[in-house]
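Take a look at the structure set out below.
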Amino acid sequence: MAAVVTILCLWVLVPIWLVLVNALSTPAEVSGWPKSFVPSFATDSLAFFIGFRGVADALLNSVMVAAITMVLSIAVGAPAGYALARFDFAGKSAFRILVLMTRAFPLPLLALPLAVAYIQIGLDDTILGLAFVHTMLAMPFAVLITASLFMGVPVELEEAAWTLGCTRLQAFVKVVLPLVSPGIAASAVFAFVVSWNEVFAAAVLTIENRTLTAFLLQSLDVSPLHLKFAGAAVLVLPALLFLFAVRKYLFAMWGIANR
């Protein structure tokens with residue numbers, strides 16, 4: 001078991017470490033041989049990339065789109081998950097499958113009609129329009145994850161709150177929500193990562209307001225290798241910092257899942 005965990009950790013951490021090493025090395029070290037696993041902490045490539053026109057705006061756009069996606073996914077997905085966990089209605093199982101099957105539709109098939117619709121309603125090349133698409137991508141998982149969390153909370157706890165004079169909403173806020181908040185935070189993290197890494201919709205639906213992934217796809221195709229590593233580091237680091245900031249909620253989620 002320990003060997004499996006070690007292999008999985010190396011599988012995730014080694015590529016990230018290599019990206020950081022090459023981003024913090026000189027151009028000659030990046031293209032030279034033998035390779036070093038220790039960075040020389042040369043910041044010229046990173047400084048050049050960050051100072052390149054459009055990078056700061058693209059980074060800000062990515063943060064804004066991911067934040068909006070995170071809020072919308074939880075604001076809509078959590079109530080839907082609560083309804084799936086607490087209410088019985090005709091076609092409930094089919095609805096749950098349909099929610100998951102929405103991820104089976106290839107985004108390229110929806111790109112053209114979506115772009116036309118966005119142009120007609122004025123959402124083309126906007127942060128909000130792209131956030132709506134990313135919310136659609138993250139929503140199925142938000143619904144199913146929160147539904148499983150709410151099912152893990154005994155309904156008797158809510159009923160006890162009702163007998164003490166709480167309304168359904170008050171019981172939800174005071175009793176259920178504190179118990180599932182780590183899991184909801186983990187679902188929000190997932191939505192953030194989905195939005196942060198998405199590139200196709202960002203490249204198709206935006207021109208002036210590109211996110212960082214779309215900007216990198218457009219600008220780094222013919223760039224030198226050391227700038228590609230610098231761009232990869234700038235793309236990876238904010239997501240890692242965000243995950244580190246909310247790590248306690250991710251760890252607490254396992255406590256809920258195991259109860």
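Hydrogens, waters and symmetry mates play no part in the numbers below; they use all other heavy atoms, side chains included. Residue numbers count from 1 along this sequence.
- Here the closest non-hydrogen pair linking Val143 and Ala80 is CG2-CB, 4.0 Å.
- No path of Ile, Leu, Val, Met, Phe, Trp and Tyr side chains, each step under 4.5 Å between heavy atoms, connects Leu18 with Leu8, placing them in separate hydrophobic clusters.
- Atom-to-atom distance recorded for Ile127:CD1 and Leu123:CG is 11.5 Å, nearest 0.5 angstrom.
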| query | For Val153 and Leu149, what are the C-alpha separation, side-chain angles and deciding distance, and is it a side chain to side chain contact (heavy atoms under 4.5 Å, CB included)? | reply | CA-CA 7 Å; Val153 178; Leu149 292 171; over 6 Å; no

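- Here the closest heavy-atom approach between residue Leu179 and residue Pro182 is recorded as O-CD, 3.8 Å.
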| Does the pair Phe229 and Leu20 meet the rule for a side chain to side chain contact (heavy atoms under 4.5 Å, CB included), with working shown? | CA-CA 8 Å; Phe229 279 114; Leu20 295 179; over 6 Å; no

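- Cluster membership for Leu59 and Leu216, using ILVMFWY side-chain heavy atoms within less than 4.5 angstrom, is shared.
- Using cut-offs of 30° and 60° on the angle between ring planes, the pair Phe150 and Phe172 is tilted.
- Considering CG of Asp124 and OG1 of Thr126, their distance stands at 7.0 Å, rounded to 0.5 Å.
- With a 4.5 Å cut-off on side-chain heavy atoms, Ile74 and Ile184 count as touching.
- When all heavy atoms are compared, the tightest approach of Pro140 to Val99 is CB-O, 3.2 Å.
- Checked by atom type and distance alone, the side chain of Ser73 never pairs as donor or acceptor with a backbone atom of Met70 at under 3.5 Å.
- Once rounded to the nearest 0.5 Å, the distance linking CD of Glu156 with CD of Glu158 reads 10.0 Å.
- The backbone N or O of Leu10 sits nowhere less than 3.5 Å from a side-chain atom of Trp17 that would complete a donor-acceptor pair.
- For the pair Leu114 and Val204, the minimum side-chain heavy-atom distance is 4.5 Å or more.
- The closest side-chain heavy-atom distance from Val155 to Arg86 is below 4.5 Å.
- In this structure, OG1 in Thr211 is found 11.5 Å from CG in Leu60, a value given to the nearest 0.5 Å.
- Under the 3.5 Å distance criterion, the side-chain polar atoms of Thr146 are matched with a main-chain donor or acceptor of Gly77.
- Residue Ala230 comes nearest to Ser45 through the heavy atom pair CB-O, 3.8 Å, listed as atom of the first residue, atom of the second, then distance.
- For Thr213 (side chain) and Glu198 (main-chain N/O), a donor-acceptor pair under 3.5 Å exists by modelled atom type.
- Grouping the Ile, Leu, Val, Met, Phe, Trp and Tyr side chains by contacts below 4.5 angstrom, directly or via other members, places Ile16 apart from Val14.
- To the nearest 0.5 angstrom, Leu177 atom CG is 13.5 Å from Gln170 atom CD.
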| task | Any chance you could lay out the side chain to side chain contact (heavy atoms under 4.5 Å, CB included) test for Asn61 and Arg210, step after step, and finish with the verdict? | result | CA-CA 7 Å; Asn61 290 339; Arg210 289 195 181 278; 5.6 Å; no

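- A pairwise comparison of heavy atoms in Ile145 and Gly183 identifies CG2-O, 4.5 Å as the closest pair.
- Using bins of under 30°, 30° to 60° and over 60° for the plane-to-plane angle, the ring pair Phe48/Phe52 lands in the tilted bin.
- Once rounded to the nearest 0.5 Å, the distance linking NE2 of His134 with CG of Leu205 reads 8.0 Å.
- Looking at Val5 and Cys9, their side chains come closer than 4.5 Å, going by heavy atoms from C-beta outward.
- With contacts defined as side-chain heavy-atom distances shorter than 4.5 Å, the pair Trp196/Leu235 qualifies.
- For the residue pair Ala171 and Trp162, the shortest heavy atom distance occurs at CB-NE1, 3.5 Å.
- For the pair Asp125 (side chain) and Asn209 (backbone), a donor-acceptor distance under 3.5 Å is present.
- One N or O on the side chain of Ser62 and one on the backbone of Leu212 form a donor-acceptor pair closer than 3.5 Å.
- Put simply, the side chain of Tyr118 gets close to the backbone of Gly129: a donor and an acceptor are under 3.5 Å apart.
- Residues Ile121 and Met136 fall within the same hydrophobic cluster, defined by Ile, Leu, Val, Met, Phe, Trp and Tyr side chains chained together at heavy-atom separations under 4.5 Å.
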| request: Quick one: do Leu46 and Val234 satisfy side chain to side chain contact (heavy atoms under 4.5 Å, CB included)? Show the steps, please. | output: CA-CA 8 Å; Leu46 281 174; Val234 172; 4.0 Å; yes

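- Within the 4.5 Å cutoff, the side chain of Thr69 has heavy atoms near those of the Val65 side chain.
- Follow the hydrophobic side-chain contacts under 4.5 Å out from Leu84 and you reach Val76 in the same cluster.
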